[in-house]
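The structure appears below as structure tokens.
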Amino acid sequence: MVAPRSLPDPVESPRDATVRRPFRTVEGDRIDRLAGRWAECAYHDDPGAVAHLATLLRKLAAVLRAEPFWPLSARAIGAELVTAGGRGDPERSDAADVESLVVPSLRLLRRDVPEAFGLQGPEGERRLSAALDELVAGLVGALRDRIRLDRNEVDRARPARVSAVDGRHIRAVYEQAAVGIAIVALDGKVLDLNPALRRMFGLEGPLDQPRPMSDFVHPDDMVDVVERLKRLAGGGEPDVVRMEMRLVRVDSRVMWVHVTASRVLGEDGAPSHVVGLVEDVSDRHRLWSRLREASFADQLTRLPNQAVADQWLHRAFAVGGPSRVGICALDVDGFHAINDELGQQIGDRLLLGVAGRLHLAAGNNVVCRTGDDEFVVLVAEPTGSSDVSRLADRLQAALATPFHIDGQTLVVSASIGVAESPTSRGSAAELLRAADVARGWARALGGGRRIVFDPERDAAEAARFALLSGLRGGIERGEFRLVYQPLVRLADGRVRGAEALLRWQHPDQGVVGPGRFIELAEHSGAIVPLGRWVLRAACEQAAGWWRELGDEAPFVSVNVSPVQLAEPTWVHEVARVLAETGLPAGQLQLEITEQAVLGDELVVLDALSELRQAGVRIALDDFGTGYSSLAWLRRLPVHGLKIDGSFIDGLRNPSADPTDTSIVRALIELAHALGLEVTAEWVETAVQAQRLAELGCDVGQGRWFGDAGPGEWVPELSRRSIGR
């Protein structure tokens with residue numbers, strides 16, 4: 001039995017609907033999955049455990065949902081867990097076996113129940129914490145009953161017939177009982193202790209005189225004990241009091257006891273004294289303490305774990321917490337390689353060494369281990385992000401000295417993310433995420449550094465991620481379109497071709513240019529279906545020009561990503577599109593970059609050669625910015641070069657940059673020597689167009705000849721001179 005003071009009254013939740021219902025309806029499959037994980041970590045050899053644990057989880061959900069909330073109901077669940085511990089195997093009844101069952105169980109429930117049950121907000125957190133405390137109380141109480149060898153010697157010694165009880169029998173029970181018995185006067189003086197209770201206290205003989213309770217009761221429990229004794233001695237309700245309290249032995253050691261105190265009436269019917277039955281429950285409290293400690297401490301390093309970090313942060317953002325909070329989130333660089341190559345024993349010893357150094361370097365700040373090689377350091381009341389950054393630098397410096405473990409010299413560093421914020425705004429989850437994001441940035445740069453969270457950078461990356469997540473769906477929803485920029489002969493101003501430029505009509509962000517999403521598409525692989533769509537749409541448009549203008553129709557130029565070139569079926573895809581759209585191969589130009597060829601040169605060169613033989617035009621884009629040699633350039637099966645606009649920009653003013661002029665002249669002469677057509681990009685002024693014509697450039701492209709427009713405009717443009 002647990003003291004009445006530990007039994008809270010039913011708590012009515014506030015009227016706020018979000019508090020009254022702290023979690024959503026629990027789905028059965030979520031409970032079944034959680035029961036499966038519970039069985040794996042605590043009932044390894046019992047195939048029938050999942051169904052039993054699922055039943056207990058449903059009972060726990062009912063306790064958490066009840067209005068008013070009555071956490072004491074969870075004690076029955078804890079008792080069932082013990083009575084079914086090992087599915088009824090009596091050999092699992094000792095404390096060590098129960099601890100091995102309960103430690104992983106309690107850790108799993110604290111971690112996974114909020115998500116599985118859909119717990120919401122502080123009210124859900126409060127209910128879960130209270131219910132799990134009571135669950136453990138019921139568990140250890142059931143354990144006590146299960147392993148108790150002597151349930152109550154006083155009752156056992158009672159004869160079968162009440163009439164046979166006399167003073168001698170009662171005295172024998174008092175002297176020989178295995179439980180402690182104390183006789184206390186109504187004024188609180190301890191009159192006598194039986195032999196069993198004297199042994200508990202370490203006393204060698206009977207009391208020589210009445211002694212005050214303060215000689216035996218722990219000071220922190222005295223006020224409560226005196227108050228209960230007064231109520232008991234007063235003659236009203238109740239006539240029996242049960243409580244758990246701490247007593248102090250003569251050697252100053254503290255023991256937890258369970259006391260059942262009853263008032264004894266005199267011949268006049270009035271209370272004359274109090275008799276207390278005392279049972280030592282210190283083992284149960286030590287087990288309870290170990291269980292709670294195990295659920296909040298990392299088993300290897302003994303540092304606080306993720307649960308402690310979460311609680312610390314939530315309290316920091318609650319009313320009365322610090323005004324500012326900082327976090328250093330840390331990864332040990334290369335730890336998994338060390339663990340794999342040298343073994344887990346070396347890895348564990350390294351983590352112990354890292355934990356010790358971090359603890360020393362962190363000073364009074366809280367260090368928690370939150371993952372295999374992950375730690376966080378929590379800072380209360382920093383002066384700003386610079387204060388937390390200096391702490392991160394100390395942590396990094398603490399790891400700089402090599403570790404010497406079993407003859408191995410290990411040099412490690414850390415990737416550290418730093419975040420700091422006032423607690424008046426934001427939340428614990430947001431601050432944790434910020435530190436984790438900054439740690440990811442540090443890790444992406446190779447580790448061995450600390451990076452402070454930057455909200456602007458995070459917003460930009462979030463926008464990039466939003467674009468990435470909508471790429472494939474955007475293709476299916478028809479959100480992409482093509483516009484065409486004319487490629488104009490500088491000699492007569494006639495349209496030679498038109499480059500297809502991709503635009504994304506994003507439903508939320510409006511028109512998005514390729515500079516914002518092409519790289520994302522390449523990294524994610526979405527460029528393959530996107531490029532396939534561009535090729536087909538451009539060829540269909542160009543086929544319309546050709547049907548309208550015949551041999552005078554301009555060709556269409558389409559950019560090709562290196563990722564597309566690496567696709568083994570890409571050449572066949574081009575041939576199929578040409579055949580299905582009816583566009584002659586000579587009316588299609590594919591623009592590639594030097595980087596596209598360098599990836600798998602032989603494969604790409606074969607693909608380009610096959611396309612050229614089929615009649616498709618090939619142009620090398622952004623020429624002049626790479627590292628191409630003349631011998632390499634001669635091997636490329638290309639028809640033309642497009643000079644990068646950075647060189648053309650120097651020709652825009654009347655007093656042209658002589659260096660850019662010389663470079664452009666050399667590139668044009670080189671291309672012509674190889675029999676290639678030359679196109680200049682970024683032509684934006686009449687001066688540039690004239691100077692390029694004088695240098696012998698064949699084709700110009702840029703705003704001087706008009707912005708990109710819809711494909712329907714191109715036939716009209718091809719009938720007149722542009723830019724003259």
Side-chain angles (χ1 to χ4, degrees), residues 1-11 26 31 34-35 38-39 41-43 46 48-66 68-110 112-113 117 127-152 155 179 242-244 256-260 277 279-295:
M1 184 68 69
V2 177
R5 58 181 171 174
S6 68
L7 307 183
D9 293 330
V11 178
V26 184
I31 287 183
L34 180 54
W38 193 358
C41 74
Y43 290 79
D46 188 352
V50 174
H52 175 70
L53 295 177
T55 300
L56 295 185
L57 287 172
R58 288 183 172 85
K59 291 181 179 180
L60 179 59
V63 170
L64 293 170
R65 186 187 294 113
F69 175 52
W70 180 240
L72 187 62
S73 303
R75 291 197 178 189
I77 301 173
E80 285 190 58
L81 186 62
V82 168
T83 56
R87 301 298 291 155
D89 183 357
E91 295 183 359
R92 291 185 59 92
S93 63
D94 60 277
D97 283 336
V98 171
E99 182 176 355
S100 69
L101 167 70
V102 176
V103 168
S105 299
L106 192 58
R107 185 182 299 115
L108 177 133
L109 293 176
R110 290 186 187 280
D112 291 358
V113 160
F117 286 12
R127 289 193 176 199
L128 177 62
S129 178
L132 291 183
D133 282 349
E134 297 302 337
L135 184 148
V136 172
L139 183 149
V140 294
L143 172 64
R144 178 196 62 201
D145 294 340
R146 190 171 183 176
I147 66 175
R148 181 188 298 162
L149 299 177
D150 187 350
R151 297 182 179 275
N152 193 324
D155 291 339
V179 297
R242 296 176 177 86
M243 69 186 85
E244 287 192 359
W256 278 93
V257 296
H258 180 269
V259 177
T260 302
L277 303 183
E279 179 185 5
D280 187 348
V281 294
S282 298
D283 287 342
R284 175 160 63 90
H285 271 270
R286 281 192 290 270
L287 172 60
W288 194 340
S289 297
R290 288 199 301 272
L291 295 177
R292 292 185 62 86
E293 179 186 357
S295 67

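Numbers here are sequence positions counted from 1.
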- Query: Among all residues two or more places apart in sequence or in another chain, which pass the side chain to side chain contact (heavy atoms under 4.5 Å, CB included) test with T55?
  - Reply: K59

- Task: Output the distance between atom OG1 (T260) and atom CE (M243), rounded to the nearest 0.5 Å.
- Result: 9.0 Å

- Closest heavy-atom pair and its distance - I77, L135: CG2-CD1, 3.7 Å

- Query: Taking all atoms of both residues into account, what is the closest heavy-atom pair of L64 and A131, and its distance?
  - Reply: CD2-CB, 3.8 Å

- Rounded to the nearest 0.5 Å, how far does CZ of R127 lie from CG of L132? 14.0 Å

- Task: Starting at CG of D112, measure out to CZ of R107 and round the result to the nearest 0.5 Å.
- Result: 11.5 Å

- Side-chain touch F117/L128, heavy atoms, less than 4.5 angstrom: no

- Task: List in chain and number order the residues that pass side chain to side chain contact (heavy atoms under 4.5 Å, CB included) with A130, two or more places apart in sequence or in another chain; answer none if no residue qualifies.
- Result: F69, P71

- Query: Within a strict 4.5 Å, meaning less than it, do heavy atoms of the L34 and L53 side chains meet?
  - Reply: no

- Note on the structure: Of all heavy-atom pairs linking V50 and A39, the shortest is CG2-CB, 3.7 Å

